[in-house]
Amino acid sequence: MDVSASTPQLLRRTNLRSVLDVLRTVPSATGTDLIQATGLTRATVIAVCDDLIARGWAREAASPRAGGQKGRPARRFEFNESAGFVLGLDVGLATVRVVVSDLAGNVVGGTESRFPYHGGTPADRRSAVIAATRDALADAGVPAASVLAVALGIAAQVTPEGTIAPGQELAPMFDLGLTQEFAEGFGWPVLVENDAKLAALAERWRGIGADESNLAVILAGERLGTGVIESGRLVHGALGRAGTMGGLELVEGVGNQDGIAKLARHWGTAALDAGHEGMIRALIGEHTNRVSARYVFEAAAAGDETAAQILDRIARRMARVLALVSTFFDPRLIVIGGAVAASATALLPGMTDELARYVPDPPRLAVSELGEMLVATGAVRLALDHVEARLLDLRPGNGTAPSPEAVPSA
């Protein structure tokens, strides 16, 4: 390689990256601010800013004149967060959520759609995801050509290469050909990741774990899954299996991957089948014994003894899972997320007390405040990470994808 020929290009790229990284972290900056932050000369800073403006990644901001100031005010620059957009998708068993975000992480639109009953065929599910994506873009008023990356969160193991690991029970529900569909139909790069791992990214970015470099997030709705952040980095493992809970059948007092919602539903139904009445019966009526998790939590909050016993049983069982996560990954914080997060606060005292029996100096426990947007938020963060690492190789708002109207529906 001709070092002398490549050095000016490399230096220019390094300077562009240095200034761009600063602009992405501040509302706006003057040339003097950028000189102090980067150590570059004034002439270089101004030239770099003009280059970034020409590329579309920066813009000149209003620079108000201070009282009594003479001459022209100092030029002020800011990152152009609307130079492109990313999509974060949470592709679940029953629903798909799509979030459209600008490059500063601001949500500008989105949608949620249900899959056909029992999930539908792969073709049905693929069509539903594409339709939801089109609706989200329309809601945001963003053309497909302005989307720079898409990230999908799925409830399945994903390899480090971003493919769905074979041999999984739920793999057919998520192996929908979306990577190829989006790449060919929209012209977008697509990232695929396990939903629990995206939940960990979300909590580290915008949740309770924002100031914590060592945390774990457990999605605990229907099935248990864990995402782990260690020293500020997402843990994958050699085959992407870090945090999977497939060995719980070996754990005494646990036995499988059933989550909080599923346990509450099954044990509530079993209680009615055994003749227990009380508040659970009053909530669901006389014509069925099928109990939803929500009614078990509501009955317990109203003082129903049977429901309280079910929640205590769930808390003790979950504490064993938490002890495993604590022992293997040693996080300072474990966050409970998923469909039951809003109700899981009632389990915290029992889980905390029981966990202390198994783990000395146990991690702090908390419940996610990101609600149903947890996985989609993590998907946005993953897509932003992909774009931010490649900004200087992209053209903002000048993609090759067709407009939403021209994208096929399946």
Side-chain angles (χ1 to χ4, degrees), residues 83-93 95-103 107-116 119-156 158-165 171-195 197-198 201 240 375-391 393-410:
F85 299 86
V86 300
L87 302 181
L89 278 70
D90 175 7
V91 183
L93 292 172
T95 62
V96 54
R97 295 185 182 90
V98 185
V99 172
V100 186
S101 166
D102 67 19
L103 297 184
V107 174
V108 297
T111 191
E112 176 181 328
S113 178
R114 293 193 65 82
F115 289 122
T121 66
D124 291 336
R125 291 173 63 83
R126 181 171 61 252
S127 295
V129 172
I130 293 172
T133 301
R134 291 163 59 88
D135 290 345
L137 289 172
D139 180 64
V142 170
S146 293
V147 175
L148 301 179
V150 180
L152 310 176
I154 61 174
V158 177
T159 70
E161 293 75 32
T163 61
I164 299 175
M173 300 291 286
F174 301 107
D175 192 4
L176 307 178
L178 289 170
T179 298
Q180 180 178 358
E181 190 78 32
F182 282 150
E184 294 180 357
F186 290 73
W188 300 333
V190 181
L191 311 165
V192 182
E193 184 56 277
N194 170 261
D195 56 355
K197 289 182 172 62
L198 292 182
L201 286 181
V375 174
T377 299
V380 167
R381 182 64 265 171
L382 183 66
L384 286 174
D385 288 343
H386 175 86
V387 171
E388 289 169 4
R390 297 163 177 80
L391 277 178
D393 298 318
L394 301 172
R395 287 191 174 186
N398 192 26
T400 60
S403 66
E405 293 76 13
V407 176
S409 60

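Numbers for residues simply follow the sequence, beginning at 1. Note that these values count all heavy atoms, side chains included, but never hydrogens, waters or copies made by symmetry.
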Original post:
From L103 CG over to L391 CG, what is the distance, rounded to the nearest 0.5 angstrom?
Top reply: 6.5 Å
Subject >> Verdict with supporting geometry, F182 and V129, side-chain contact (heavy atoms from CB on, under 4.5 Å) >> reply: CA-CA 10 Å; F182 282 150; V129 172; 4.1 Å; yes
Original post:
Does some side-chain heavy atom of F115 sit less than 4.5 Å from a side-chain heavy atom of V96?
Top reply: yes
**OP:** May I ask you to decide if A156's main-chain N or O and N194's side chain share a donor-acceptor pair within less than 3.5 Å?
**Re:** yes
**OP:** Classify the angle between the aromatic ring planes of W188 and F186 as parallel (below 30°), tilted (30 to 60°) or perpendicular (above 60°).
**Re:** tilted
Subject >> Donor-acceptor contact present, side-chain R126 to main-chain L176, <3.5 Å >> reply: yes
Original post:
V380 and V86: side-chain contact (heavy atoms from CB on, under 4.5 Å), yes or no, with the steps?
Top reply: CA-CA 7 Å; V380 167; V86 300; 4.2 Å; yes
Original post:
If you measure from CZ on R125 to CG on D175, what distance do you get to the nearest 0.5 Å?
Top reply: 11.0 Å
Subject >> Worked check of side-chain contact (heavy atoms from CB on, under 4.5 Å) between F85 and V387 >> reply: CA-CA 9 Å; F85 299 86; V387 171; over 6 Å; no
**OP:** Could you tell me which non-hydrogen atom of V98 sits nearest to which non-hydrogen atom of A136, and how far apart they are?
**Re:** CG1-CB, 3.6 Å
Original post:
Which heavy atom in K197 sits nearest to a heavy atom in G240, and how many Å separate them?
Top reply: NZ-O, 3.3 Å
**OP:** Decide side-chain contact (heavy atoms from CB on, under 4.5 Å) for L394 and L148; before the verdict, give the C-alpha distance in whole Å, the side-chain angles of both, and the deciding distance to 0.1 Å.
**Re:** CA-CA 8 Å; L394 301 172; L148 301 179; 4.2 Å; yes
Original post:
What closest approach, in Å, do A140 and G109 show between heavy atoms, and which atom pair accounts for it?
Top reply: CB-CA, 3.8 Å
Subject >> Straight-line distance of L89 CG to T111 OG1, nearest 0.5 Å >> reply: 10.5 Å
**OP:** Calculate, to the nearest 0.5 Å, the distance between atoms CG and CG belonging to L198 and D90 respectively.
**Re:** 8.5 Å
Subject >> L152, V99, V190, V100 screened by side-chain contact (heavy atoms from CB on, under 4.5 Å) with L87, the one that passes >> reply: V100
**OP:** Determine yes or no for a side-chain-to-main-chain donor-acceptor pair under 3.5 angstrom, with D139 supplying the side chain and G110 the backbone.
**Re:** yes
Subject >> Minimum heavy-atom distance A379-A151, with the two atoms named >> reply: O-CB, 3.1 Å
Subject >> A83 versus P396, closest heavy-atom pair with distance >> reply: O-CB, 3.1 Å
**OP:** Output the distance between atom CD1 (I154) and atom CD1 (I164), rounded to the nearest 0.5 Å.
**Re:** 3.5 Å
Original post:
What is the minimum heavy-atom distance between G378 and L201, and which atoms define it?
Top reply: O-CD1, 4.1 Å
Original post:
What distance separates L384 CG from S101 OG, expressed to the nearest 0.5 Å?
Top reply: 5.0 Å
Original post:
Do T159 and E161 have side-chain N/O donor and acceptor atoms under 3.5 Å apart?
Top reply: yes
Original post:
Does a side-chain heavy-atom distance below 4.5 Å link D385 with L191?
Top reply: no
